[in-house]
Chemist: 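Got a structure here, written out as structure tokens. Questions coming.
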Amino acid sequence: RLREAQEAADLAQRRADERVAAAAAEQQAAMRQMEVKLQEALKAKEQEADQVAKREAAEVERRAAMRKDSQNREAANTDALDSLQAEMQRLAEGWEGARAEFDKKIR
């Protein structure tokens, strides 16, 4: 009887040990699964951050290009205005000279 009781106790202990081992294995599997999900979420966030950074960099480049274009147009307009003012000065001087000649001829 004692031996039967000991065998029953040993069997119960083995079954309890098996249940503990199975529960530990399930917990490890769940933890691995959670780790994979966290890594996937982290990767998604990193990709999202990369996309935001790329969009922001593109916006900075676009604004820099617009600023450069604006500066180029302003410089071209300044050059055109300077040329126009020089031409107006030349015409005014030519007009004054022609008028002076005309006044001389009339007198």
Side-chain angles (χ1 to χ4, degrees):
R1 276 188 154 182
L2 185 59
R3 198 173 82 184
E4 287 176 10
Q6 184 63 38
E7 288 175 0
D10 289 346
L11 180 61
Q13 184 62 46
R14 278 196 306 274
R15 288 183 179 162
D17 289 346
E18 289 171 359
R19 285 193 300 270
V20 168
E26 284 181 27
Q27 186 176 16
Q28 283 183 333
M31 288 175 68
R32 280 193 297 272
Q33 192 174 27
M34 180 65 79
E35 183 181 356
V36 167
K37 286 181 181 180
L38 288 173
Q39 287 174 347
E40 289 172 352
L42 178 61
K43 185 176 179 181
K45 285 293 182 185
E46 288 172 346
Q47 288 174 343
E48 183 180 333
D50 286 347
Q51 291 299 319
V52 168
K54 286 176 184 177
R55 282 194 301 270
E56 288 174 353
E59 180 64 17
V60 166
E61 287 180 26
R62 185 185 71 80
R63 287 184 181 181
M66 288 175 60
R67 203 169 22 257
K68 181 72 172 169
D69 184 53
S70 177
Q71 290 169 347
N72 289 343
R73 277 188 270 119
E74 186 176 339
N77 288 343
T78 300
D79 290 347
L81 181 60
D82 290 347
S83 295
L84 183 58
Q85 287 175 337
E87 180 66 14
M88 288 174 61
Q89 181 67 31
R90 188 186 65 75
L91 290 173
E93 289 169 359
W95 171 254
E96 290 298 322
R99 184 166 183 198
E101 277 300 310
F102 181 72
D103 285 346
K104 279 184 191 177
K105 288 183 181 179
I106 289 182
R107 290 186 208 163

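Worth saying up front: this structure is predicted, and the values here are computed from it rather than measured.
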Chemist: Got a sec, which pairs hit side-chain hydrogen bond (donor to acceptor under 3.5 Å, both in side chains) with one end in residues 10-22, sequence neighbours left out?
Modeler: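 Sorted pair list: Gln6-Asp10, Gln13-Asp17.
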
Chemist: Is the shortest side-chain heavy-atom distance between Gln51 and Arg55 below 4.5 Å?
Modeler: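 Side-chain contact under 4.5 Å: yes.
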
Chemist: Does atom CD of Gln27 have more than 12 heavy-atom neighbours from other groups under 6.0 Å away?
Modeler: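 Open.
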
Chemist: Of all residues at least two apart in sequence or in a different chain, which pass the salt bridge (Lys or Arg N to Asp or Glu O under 4.0 Å) check with Arg1?
Modeler: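 Applying salt bridge (Lys or Arg N to Asp or Glu O under 4.0 Å) to Arg1 gives none.
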
Chemist: Applying side-chain hydrogen bond (donor to acceptor under 3.5 Å, both in side chains), which residue pairs with at least one partner in residues 95-107 are found, sequence neighbours left out?
Modeler: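 Every pair satisfying side-chain hydrogen bond (donor to acceptor under 3.5 Å, both in side chains) with a residue in residues 95-107: there are none.
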
Chemist: Do Glu59 and Glu56 come within less than 4.5 Å of each other through their side chains, counting heavy atoms only?
Modeler: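 With C-beta onward as the side chain, the pair stays apart.
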
Chemist: For residues 72-86, pull every pair meeting side-chain hydrogen bond (donor to acceptor under 3.5 Å, both in side chains), keeping only residues two or more places apart or in separate chains.
Modeler: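 Listed by first then second residue: Asp69-Arg73.
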
Chemist: What pairs with Glu7 under salt bridge (Lys or Arg N to Asp or Glu O under 4.0 Å), at least two apart in sequence or on another chain?
Modeler: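 Glu7 satisfies salt bridge (Lys or Arg N to Asp or Glu O under 4.0 Å) with Arg3 only.
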
Chemist: Checking side-chain contact (heavy atoms from CB on, under 4.5 Å) for the pair Gln39/Lys43: CA distance, chi angles, key distance, verdict?
Modeler: CA-CA 6 Å; Gln39 287 174 347; Lys43 185 176 179 181; over 6 Å; no

Chemist: Enumerate, atom names and distances included, each donor-acceptor pair closer than 3.5 Å involving a side-chain atom of residues 87-94, sequence neighbours excluded.
Modeler:
unit_1	atom_1	unit_2	atom_2	d
Glu87	OE1	Arg90	NE	3.3
Glu87	OE1	Arg90	NH2	3.4
Glu87	OE2	Arg90	NH2	2.5
Gln89	NE2	Glu93	OE2	2.9

Chemist: To the nearest 0.5 Å, tell me how far Arg62 CZ sits from Arg67 CZ.
Modeler: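 Nearest 0.5 Å value for the CZ-CZ distance: 10.5 Å.
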
